[in-house]
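FYI, side chains are in, hydrogens and waters are out, and symmetry mates aren't considered; it's all heavy atoms of this structure.
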Amino acid sequence: MYGIAFTVKMSKKSNYQMDGYFDYVVPPLEGFWWQNGVKGIDYAHKEKFEWISVIRLPDFVTEKDFEWAVAEASEKKKKDFSKVEFLTYDEGLCVQCMHIGSYDDEPATVSLMHEFMEEQGYVLDITDQRFHHEIYLSDARRVAPERRKTVIRHPVRKA
């Protein structure tokens, strides 16, 4: 995914020009998580998590531009990027919080988020179309678990 994201970013130095291009910083890795047959999230059974990873691209990137980037990255890096997909996702109304610490400690942060959302008159709206969403601001390979920063986002709707 980073190969594609950086190919899009550096397209400004190629013969391929994207309408509306502006220079930007490649955003961090994100993950959408769910469990089939579970309403909400059951942290006691992490082994049942399904997930996809994403890297956000600027809105000027079209599916045609993305397909160009896949072909370009595949050729230049001699790697198979064919499994990377163009995904459009409208997240809708959410509650989010910065979690600092180990991924295993996220349930405590999520509990506080849910308390806040209920106090504000909202209910959790995790469905098979709306997911638990994490944005990884720290590189797990380089940052100690207790110092990791992760934005946790949950979809909500009015109660």
Please say which of E134, Q96, H132 ends up in a side-chain contact (heavy atoms from CB on, under 4.5 Å) with R153.
Q96
Is the number of heavy atoms from other residues, nucleotides or ligands within 6.0 Å of [atom1] ([X]) greater than 12?
X	atom1	value
Q120	CD	yes
D139	CG	yes
E75	CD	no
F60	CZ	yes

With sequence neighbours excluded, residues passing salt bridge (charged side-chain N to carboxylate O under 4.0 Å, His left out) with D23
K9, K12
Residues in salt bridge (charged side-chain N to carboxylate O under 4.0 Å, His left out) with R147, at least two apart?
none
For residues [X] and [Y]: do they belong to one hydrophobic cluster (side chain heavy atoms under 4.5 Å, members Ile, Leu, Val, Met, Phe, Trp, Tyr)?
X	Y	result
F66	F81	yes
Y103	V143	no
L29	V8	yes

Taking only Lys NZ, Arg NE, NH1 and NH2, and the carboxylate oxygens of Asp or Glu, determine whether D59 and R56 approach each other closer than 4.0 Å.
yes
Whether the side chain of [X] engages the backbone of [Y] through a donor-acceptor N/O pair (distance < 3.5 Å, no angle test) should be reported.
X	Y	answer
S138	K149	yes
S74	V70	yes
S14	S11	yes
Q35	H45	yes

Please report the interatomic distance CD1(I4) to NZ(K79), rounded to the nearest 0.5 Å.
11.0 Å
Measure from the ring center of H154 to the ring center of H133 and say whether it is less than 6.0 Å.
no
State, yes or no, whether a side-chain contact exists between [X] and [Y] at a heavy-atom distance under 4.5 Å.
X	Y	result
E50	W33	no
Y89	F32	yes
H99	D105	yes

Give the ring-plane orientation class for F131 versus W34, where under 30° counts as parallel, over 60° as perpendicular and anything between as tilted.
tilted
Is R148 close enough and on-axis enough to Y136, meaning under 6.0 Å and within 45°, for cation-pi?
no
Of all heavy-atom pairs between [X] and [Y], which one has the smallest distance, and what is that distance?
X	Y	answer
C94	R130	SG-NH2, 4.3 Å
L124	G40	CD2-CA, 4.1 Å
V95	M113	O-CE, 3.5 Å

Establish, from distance only, whether the side-chain atoms of Y43 and D104 form a donor-acceptor pair under 3.5 Å.
no
